[in-house]
Amino acid sequence: MPGAHRGPSERVGSGKCLAKCMPELPEVETIREGLRDRLVGKRLINVENLSPKQLIGDVADAVGQTVKKIERQGKVLILNLRESSLLFHLKMTGQLILVENGEPELSGGHPVPKFGSEVPNKTTRIILRFSGQETLYFNDLRKFGWLKVLSTAEVKNEPLIKSLGPEPLSAGFTKPYLAERSAKKSGPIKGFLLDQTIIAGIGNIYADEALWYARIRPDRPAGSLNEAEVGRLYTATNKAIELGIKHRGTSFDSYVTIEGERGNYLHHAKAYHQTECARCKGPIEKKKIAGRTAHFCPRCQK
DNA sequence: CCCGGCGCCTGAGGGC
DNA sequence: TGCCCTCAGGCGCCGG
């Protein structure tokens with residue numbers, strides 16, 4: 001990526017807005033890899049907070065410490081500093097943009113650029129400056145996301161982290177596990193896939209994709225799946241997440257890599273925000289399930 | 001315990 | 001032109 005990270009994210013927001021999307025496991029993993037290559041070994045110099053409700057804990061504790069490791073638990077990104085940890089949840093519209101030689105100060109009263117043009121912009125909520133002239137901008141239009149500062153020893157007891165189930169592609173995620181957890185559940189299988197305490201890291205996009213690959217209707221009660229269907233869902237879930245990581249996340253509205261580039265997974269999406277089924281060419285149906293819009297093929301998915 | 005529904009938050013887009 | 005309504009959805013919380 002030589003040179004690619006030099007400028008601000010002029011590519012952000014350049015496309016037509018199709019819909020809102022959320023960073024899920026593949027998107028956060030892509031961000032993790034990008035940050036790891038440039039922030040490990042750098043020291044946190046200062047933090048400028050423009051959105052008090054989104055910063056939880058005392059960030060002053062972490063200032064001065066060096067970045068040791070960058071991890072991910074489900075959709076949560078964790079910067080392990082020497083003693084403290086910074087936990088980021090991007091929720092719906094969060095972005096992390098890393099810029100070399102970013103704006104030195106925002107609080108000087110200079111006008112904040114419009115959304116989407118460059119960083120910082122009017123969605124910039126928290127600015128973290130590191131040694132080596134690296135500046136990390138936490139943008140979040142809807143302010144659902146957060147940055148939580150904990151001592152590293154406390155991370156494993158953080159309620160959300162503690163409650164996470166196994167991730168797709170991990171050793172704990174197996175067919176028997178899926179079968180056991182889904183049995184006796186009366187709620188829709190779509191909601192089951194979105195439950196972070198059952199499987200960590202799946203959001204609306206990859207849930208629709210996994211169910212399309214598995215040829216299972218999203219409104220089927222989770223407990224109604226037979227053994228063959230559970231087996232297909234297991235394989236399909238891993239496949240959807242694996243493809244998402246391979247394509248560096250979803251090309252969609254607010255999600256961008258740390259260089260401000262869009263991922264390209266959506267070019268490969270089979271159900272999510274599609275109009276035609278890639279398998280049978282029939283129309284993709286939209287339906288509200290478990291409080292979210294599900295996209296599926298009523299002909300292929302039973 | 002389990003499930004559904006709401007609030008948080010902002011901007012885009014449609015109807016009139 | 002401009003106002004009002006709906007929609008987008010991860011997660012915490014509340015109620016049945």
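The sequence lines fix the lettering, A, B, ..., with proteins before strands; numbering per chain opens at 1. Just so it is clear, the values below take in all heavy atoms, side chains as well, and ignore hydrogens, waters and symmetry mates.
For the 3.5 Å distance criterion, the side chains of A/Gln95 and A/Asp140 fail to qualify, holding no donor opposite an acceptor. Side-chain polar atoms of A/Tyr137 and A/Glu48 form no donor-acceptor pair below 3.5 angstrom.
Heavy atoms of A/Lys53 sit under 4.0 angstrom from primed sugar atoms or phosphate atoms, though from no base atom. Among the atoms of the strands shown, only primed sugar atoms or phosphate atoms (P, OP1, OP2) are found under 4.0 Å from some heavy atom of A/Gly187. Nucleic acid contact for A/Leu90: none, since no nucleic acid atom lies under 4.0 Å from a heavy atom of the residue.
For the OP1/OP2 pair of C/dA8 and a distance below 4.0 Å, the side-chain nitrogens and oxygens of A/Lys288 include at least one atom meeting the criterion. Distances shorter than 4.0 Å separate none of the side-chain N or O atoms of A/Lys185 from OP1 or OP2 on B/dC1. OP1 or OP2 of C/dC11 has at least one side-chain nitrogen or oxygen of A/His89 nearer than 4.0 Å. The side chain of A/Thr293 places no N or O atom within less than 4.0 Å of a non-bridging phosphate oxygen (OP1 or OP2) of C/dC7.
The side chain of A/Arg142 has B/dC9 as its nearest neighbour among C/dG12, B/dC9, C/dG10. With B/dG4, B/dG11, C/dA8 as the choices, the nucleotide that has an atom nearest any side-chain atom of A/Pro188 turns out to be B/dG4.
Other cluster members for A/Ile161: A/Ile56, A/Val76, A/Ile78, A/Leu87, A/Trp146, A/Leu150, A/Val155, A/Leu160, A/Leu164, joined by side-chain heavy-atom distances under 4.5 Å among Ile, Leu, Val, Met, Phe, Trp and Tyr.
Distance CG (A/Leu193) to P (C/dC11): 14 Å, rounded to an integer number of Å. Atoms CD (A/Gln54) and P (C/dG10) sit 17 Å apart, rounded to a whole Å. The NZ atom of A/Lys75 sits 4 Å away from the P atom of C/dC11 (whole-angstrom rounding). Between the OH atom of A/Tyr272 and the C1' atom of C/dA8 there is a distance of 8 Å, rounded to whole Å. Atoms CD1 (A/Ile198) and C1' (B/dC3) sit 12 Å apart, rounded to a whole Å. Following rounding to the nearest Å, A/Leu141 (CG) and B/dT10 (C1') show an atom-to-atom distance of 5 Å. The interatomic distance linking A/Asn204 (CG) with C/dC7 (C1') rounds to 13 Å, in whole Å.
Between the side chain of A/Gln196 and the main chain of A/Gly201, a donor-acceptor pair closer than 3.5 Å is present.
Under a 4.0 Å N-O distance rule, the pair A/Arg220/A/Glu229 qualifies as a salt bridge.
Residue A/Phe130 is tested with A/Thr66, A/Asn46, A/Leu79 for a side-chain contact (heavy atoms from CB on, under 4.5 Å); the sole match is A/Leu79.
A donor N or O paired with an acceptor N or O is not found under 3.5 Å between the base of C/dA8 and the side-chain atoms of A/Arg292.
Residue pairs meeting the side-chain hydrogen bond (donor to acceptor under 3.5 Å, both in side chains) criterion with at least one partner in residues 289-302 of chain A, sequence neighbours excluded, are A/Asp208-A/His295.
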Can you tabulate the close N/O pairs, meaning under 3.5 Å, that link protein atoms to atoms of nucleotides 14-16 of chain C?
none

